[in-house]
Amino acid sequence: MNNINGLSTADLLNKKSSVSQTPNTGEAFADKLKSAMNEVNDLQKDSEKAMSDIATGQVKDLHQAALAIDKAEISMKLMLEVRNKALNAYKEISRTQM
């Protein structure tokens, strides 16, 4: 916390110019989004396996199974909120007149 420095306008402009020169930012965002969706999918698969283990009585650790189910549920809710925000932003942009 002691290493916090103030930013000057020149620092912000330099950072802005370095960000705007980064190529393929859209592709990087798409890759990040795809990897996040794959991670949510993996968590859902783990959750389904944990639920089937509970149903068949093959669960070794009930606490770990419950955590896997909760983690999958929370990640799905987060993904849905991100999707909703992205759709709202798209709708807002499409309504903007140029």
Side-chain angles (χ1 to χ4, degrees):
M1 291 294 280
N2 295 336
N3 295 342
I4 297 175
N5 297 327
L7 289 175
S8 68
T9 306
D11 292 336
L12 293 174
L13 289 174
N14 288 334
K15 289 183 187 249
K16 181 184 176 202
S17 64
S18 67
V19 169
S20 63
Q21 294 173 357
T22 307
N24 301 326
T25 333
E27 291 176 10
F29 177 74
D31 290 340
K32 296 272 188 198
L33 193 60
K34 189 179 287 188
S35 71
M37 289 179 65
N38 287 336
E39 186 177 338
V40 170
N41 188 36
D42 292 341
L43 289 171
Q44 291 294 321
K45 287 178 184 177
D46 292 345
S47 172
E48 288 175 9
K49 184 180 179 326
M51 284 191 281
S52 67
D53 287 349
I54 289 172
T56 59
Q58 297 176 351
V59 68
K60 295 175 184 163
D61 188 6
L62 185 60
H63 180 70
Q64 291 297 323
L67 282 176
I69 293 168
D70 286 343
K71 193 182 290 188
E73 180 183 357
I74 290 169
S75 67
M76 180 61 82
K77 286 180 181 180
L78 177 63
M79 185 186 73
L80 289 174
E81 286 299 320
V82 169
R83 181 203 65 170
N84 291 341
K85 292 289 185 179
L87 284 174
N88 287 339
Y90 175 77
K91 288 176 185 176
E92 186 68 28
I93 290 171
S94 67
R95 278 185 261 156
T96 304
Q97 295 181 358
M98 304 247 178

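A quick note: this is a predicted structure, and the numbers were derived from the prediction, not measured. One-based numbering along the sequence shown. All values below were derived from every heavy atom in this structure, side-chain atoms included, with hydrogens, water molecules and symmetry-related copies excluded.
Counting only residues at least two apart or in different chains, salt bridge (charged side-chain N to carboxylate O under 4.0 Å, His left out) contacts with residues 86-98 comprise Glu92-Arg95.
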Under 3.5 Å, which donor-acceptor pairs do the side chains of residues 52-60 form with other protein atoms, sequence neighbours left out?
from  : atom 1 : to    : atom 2 : distance (Å)
Ser52 : OG     : Glu48 : O      : 3.4
Ser52 : OG     : Lys49 : O      : 2.8
Asp53 : OD2    : Lys49 : NZ     : 3.1
Thr56 : OG1    : Ser52 : O      : 2.9
Thr56 : OG1    : Asp53 : O      : 3.4

Per-pair distances, 0.1 Å, donor-acceptor, side chain in residues 78-90, under 3.5 Å, sequence neighbours excluded:
from  : atom 1 : to    : atom 2 : distance (Å)
Asn84 : ND2    : Leu80 : O      : 3.3
Asn88 : ND2    : Asn84 : O      : 3.3

Show me the side-chain donor-acceptor pairs of residues 64-74 shorter than 3.5 Å, one per line, residues at least two apart or across chains.
from  : atom 1 : to    : atom 2 : distance (Å)
Glu73 : OE2    : Lys77 : NZ     : 3.4

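Note that the CD atom of Glu27 and the NZ atom of Lys34 stand 10.5 Å from one another [nearest 0.5 Å]. Rounded to the nearest 0.5 Å, atoms CG (Leu43) and CG (Asn38) are 11.0 Å apart.
Through side-chain heavy atoms spaced under 4.5 Å, either directly or across other Ile, Leu, Val, Met, Phe, Trp or Tyr residues, Ile93 is tied to no other residue.
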